[in-house]
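Accompanying notes for the structure given below.
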Amino acid sequence: MEEISEYFSGNLRSRSDSVASTCTESTSSRLYVRQRLAMLMTCVDDLDADDKLHAQVAKTLDEAFLVCRQTAGRPKKDQLYVVTWNVATAEPPDDVDSLLQLSSPKKPDLYVIGLQEVKAAPLKFVTDLAFEDSWSHLFMNTLAPLGYIKVSSIRMQGLLLLFFSKLEHVPFIRDIQVTYTRTGLYGYWGNKGGVSIRLSFYGHMLCFLNCHLTAHMNYASQRVDEFEYILDAQTFDTKNTPRILDHKVVLWFGDLNFRIEDHGMLFVRNCITSQRYNLLWPKDQLTMMKQKEAALQKFEEGPLDFQPTYKFDLHSDNYDSSGKKRKPAWCDRILWRVKPKEEGNEDGQNQEETNKHKQEEFPLKLSQEFYTSKMEYGISDHKPVIGIFRLELRKMYKTPLVQVSAEGEWSADFDALITYSLLQSFPSSAWDWIGLYKVGFKSVSDYITYTWVKDDQVSFSDELFQVYVNKDEIPVLGGECVLCYYSSNLQCIVGISQPFKTKANGQIEHICIKFYCIKEQRIQDIKFWRQELNQKFEEMVQEIETLIIFKSRVERALESCSEPLQVTLQCLTERQKRVAIDLVHDEVEEELLKEKEVIEGVMVLLQRTLEQINEQIRLIRSVKYYLEKDLQDKFKAERIDDFCSLLTSASSGLNGSISNYTSYGTAVTPEEWESLCNLNLSKAEKEKNNSLSLRALVDSLLEQTAADMRRQYETTGRAFELRIEETKTAKAQLENQLNELLAETANQEKNLESLRVAIAEKEAPLKVAQTRLSSRSQRPNVELCHDPAQIRLLEEVKELANHIERNVNASIECVSENLIGMTKMEIQVHNRGEKHKESCSLSTSWIFFTLSVVLNVTFASCLTVVLWNINATIECISENLIGTTRMEIQVHNHGEKPQEISFSLSTTWILFILSVVLNIIFASCLIIILWRREKYTKPEDDDHVYMTAMKREESLYETIKMSSQRF
């Protein structure tokens, strides 16, 4: 073996020193081995078959073939990392290391990243087309230092699909094509739809489809229709795999928007909290649709052993707490499909051809190793979902199409040569070019310079070609670089050289280094201020959202004050219906008026606070506008500086005129530029502090107003309770007085009954006396004389009249005294009611009713006494009539002419007039009593004051309780 090495060492051309990077070491070593083997085949033809060296070469080759045969049957295992995330128009976070699991010891071979709802405002969309969008820029900056380059990407409004690969796989990724399909607005708008990238990976056709389907619960069937439309609409310019399902492996992912049916919000959240996700799987719309849709049955998905990724509050792990209260769901999914083996045997091949076809066409396996979500990212209402796959395949080809290398030393002081050779035939073109890249470049377009393989070609043979590179196109600062051969027909890199170093131009190296340092410092300054502005911008956005929440709280508090105010006004209105002495301005009235003033004052204060919040929101939005404008300017300046740092003397589009260079970038000095940034930040900080003060004021105001209203409510309630207690006490006292009056009435009724019995006993003597008097008045002629008996009778009648008059006067005085006593009692009850500030309308009615009963009893008693006296008088008169008759006889015998008797008639008239007067007095008193009773009768029941107080207490208590809960 040593002899073989010595033999070939002299025939191999010397190469420049180079330092292999970790990302290209394996590829470079394989290229070196292939180059040695190509030279070996050339030298073997010159060996003699009888030479000992020939036998050693043959033996060594046999051993090498044996080793290759043993390892050729083993499939290659590659790791495929898939990410899907609906970013909800948010800007990218500062760090995506956790999202890409860059700390893992085993690095994936391929990264496929699908994003939905990337911000696609018209101005930003045009800017992203001119430059890389912020998300692509972030992923490239993160993965490029680790040896990954962006192989391909496609953008359709908010849909973005990125494909990254390790550098060692890039020459074996070919036939790259991209396409898109719109489904929004009947297929005319790209907010919904799908984008796809298809490619050949070591000869196996892969397709990646990123979709964003129709939202909302009731559109599950429409989502399936959109997916089937995307599968039918997307075609590729190739014979073997014109459609998506023709590829060996299809990965379908994105915001598919399938929801969880039937289950209520409480059940879903309980299952999530207890991590019993399997209870939700049967009602997942995608799982349900797969059972009846043939297009979905071809795709597989791992178990959903992670919590639903939609819908979250921003910067939080809490599900939607807004007014919509969206139900959590697994909207973000990753599915895959491996083409079935039987689909490749439809042309009736024989068994030998079939076995060969199976061995060559389907040497591929895809299995999922990991499927979960990343909960630590909160910039969107969706959480990102990742899927890690193990891709086992047999390489259909193991050598690149082109071998390219750098000849000699490369320096900006000399022209350089590139050597390349075609290891396999492929459709080359005059538009093929070789690019010079820095080690760790981001994408195909991230070249330093390039040269056309046909235009700049200086020599060629059947195997080797040389291309000339002008020294002006070589970077003057030097560095570690690689060469990549790009095929225009295949739209991919088909050959990569070993890393090599370029030396800097000695004359301008110092200047370039100084410029580079200044540029780097400038970029660092811009990044620093951009981060500060971005942080302050996010704080302003968060502050606006917080103020909007406080605004809603104040609005709800203001709205909740209207009901207590209506209750208070209704209480005041109801209390105005009180009559007579009950319409008093008592303590309850005062507290109700005070409560009205408190509520109205709170409403005025809340309205003024609401106006302050609106004004503060306007000011913060103004600051936010200037921060956003400054951020956009700095982002643009940073991109311009990045672009300038990549410019070389070989770059196209250089402007040779420097006559007006002094007018560029001299609007402000660096100190003024920094002061303007500080001014925006200070304004933002000032408004933030004002907002914090206002929020603290709102918190204290809501707490204080709630306490004031609650305290006044309790004070008014106590006044009502005291008033009710006083009313109950006064009512009890009046009931006691009524009971006493009723007892007195019963006693008077008993006396009346006794008088009636006495009168009944005197009726018989009265009739006798009346009969005698009547009979004596019928004496004839002179017999009807005025004799002593008659005189005595007349005196008795006169005395009886005087006695009746005295009894009547005594009865009237007794009735007057009773009226005066009842009036005094009424005045005492009235004074007692005024003292307790209680309604007395019902008590007054009872007093007048009792007074009427007493008057009736009194008049009946007086009448009974009068009748009894009359009866006694008549009895006396009857006794006197006997003596008088005897006297009349004597007078008649003496022949005296009798005088006219008028007292009998006078007595009758006196009794008649007396009875009429008594009836008139009794009727007048009865009419007055009934009139006053009707006037003071209360129209409402005794429980009126209780009902008003209870109604107010219940309404006001419930309102204040609700207001306190809202606060």
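Starting from 1, each residue takes its place in the sequence as its number.
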Would [X] and [Y] pass as an ion pair if we require N to O under 4.0 Å?
X	Y	answer
Lys438	Asp446	no
Glu226	Lys192	no
Arg390	Glu369	yes
Arg695	Asp699	no

Criterion side-chain contact (heavy atoms from CB on, under 4.5 Å) on Tyr626 and Lys683, from CA distance to verdict: CA-CA 10 Å; Tyr626 287 106; Lys683 287 182 179 179; over 6 Å; no

Treating [X] as the side-chain partner and [Y] as the backbone partner, does any N or O pair qualify as donor plus acceptor under 3.5 Å?
X	Y	answer
Thr181	Ile230	no
Ser691	Glu687	no
Arg243	Asp232	yes
Arg155	Gln157	yes
Glu261	Asn218	no
Asp313	Ser321	yes
Lys150	Val444	no
Asp284	Leu280	no
Lys374	Ile386	no
Arg182	Trp189	no

With the side chain counted from C-beta on, respond yes when [X] and [Y] share a heavy-atom pair under 4.5 Å apart, and no when they do not.
X	Y	value
Val385	Phe306	yes
Gln632	Phe635	no
Asn191	Leu185	no
Leu256	Arg223	no
Leu160	Val87	no
Glu555	Glu559	no
Lys77	Leu391	no
Leu296	Leu286	yes

[Y] and [X] side chains, donor-acceptor separation under 3.5 Å:
X	Y	answer
Arg174	Ser200	no
His263	Lys283	no
Thr241	Arg198	yes

Aromatic Phe299 / basic Lys290 pairing, under 6.0 angstrom, 45° off normal: no

Closest contact, heavy atoms only, Phe537 versus Lys624: CE1-CG, 3.4 Å

Taking ring pair (Phe, Tyr, Trp, His ring centres under 6.0 Å) as the definition, give me every residue that meets it alongside [X], ordered by chain and number, with sequence neighbours left out.
X	result
Phe208	Phe163
Tyr437	Phe441
Tyr111	Tyr81, Tyr148
Tyr219	none

Qualifying residue, where the test is ring pair (Phe, Tyr, Trp, His ring centres under 6.0 Å) with Phe227 and the options are Phe253, Trp252, Phe258: Trp252

Whether over 12 other heavy atoms sit under 6.0 Å from Tyr180 OH: no

Atom CG of Asp94 with >12 non-hydrogen neighbours under 6.0 angstrom: no

Partners meeting side chain to side chain contact (heavy atoms under 4.5 Å, CB included) with Ala215 (sequence neighbours left out): Asn257, Arg259

Qualifying residues under side chain to side chain contact (heavy atoms under 4.5 Å, CB included), relative to Asn141, sequence neighbours excluded: His137, Lys442

Say you draw a straight line from [atom1] of [X] to [atom2] of [Y]; how long is it, rounded to the nearest 0.5 Å?
X	Y	atom1	atom2	value
Ile613	Arg553	CD1	CZ	9.0 Å
Lys536	Glu685	NZ	CD	3.5 Å
Asp262	Gln285	CG	CD	9.5 Å

Parallel, tilted or perpendicular: ring planes of His382 versus Tyr310, cut at 30 and 60 degrees: tilted

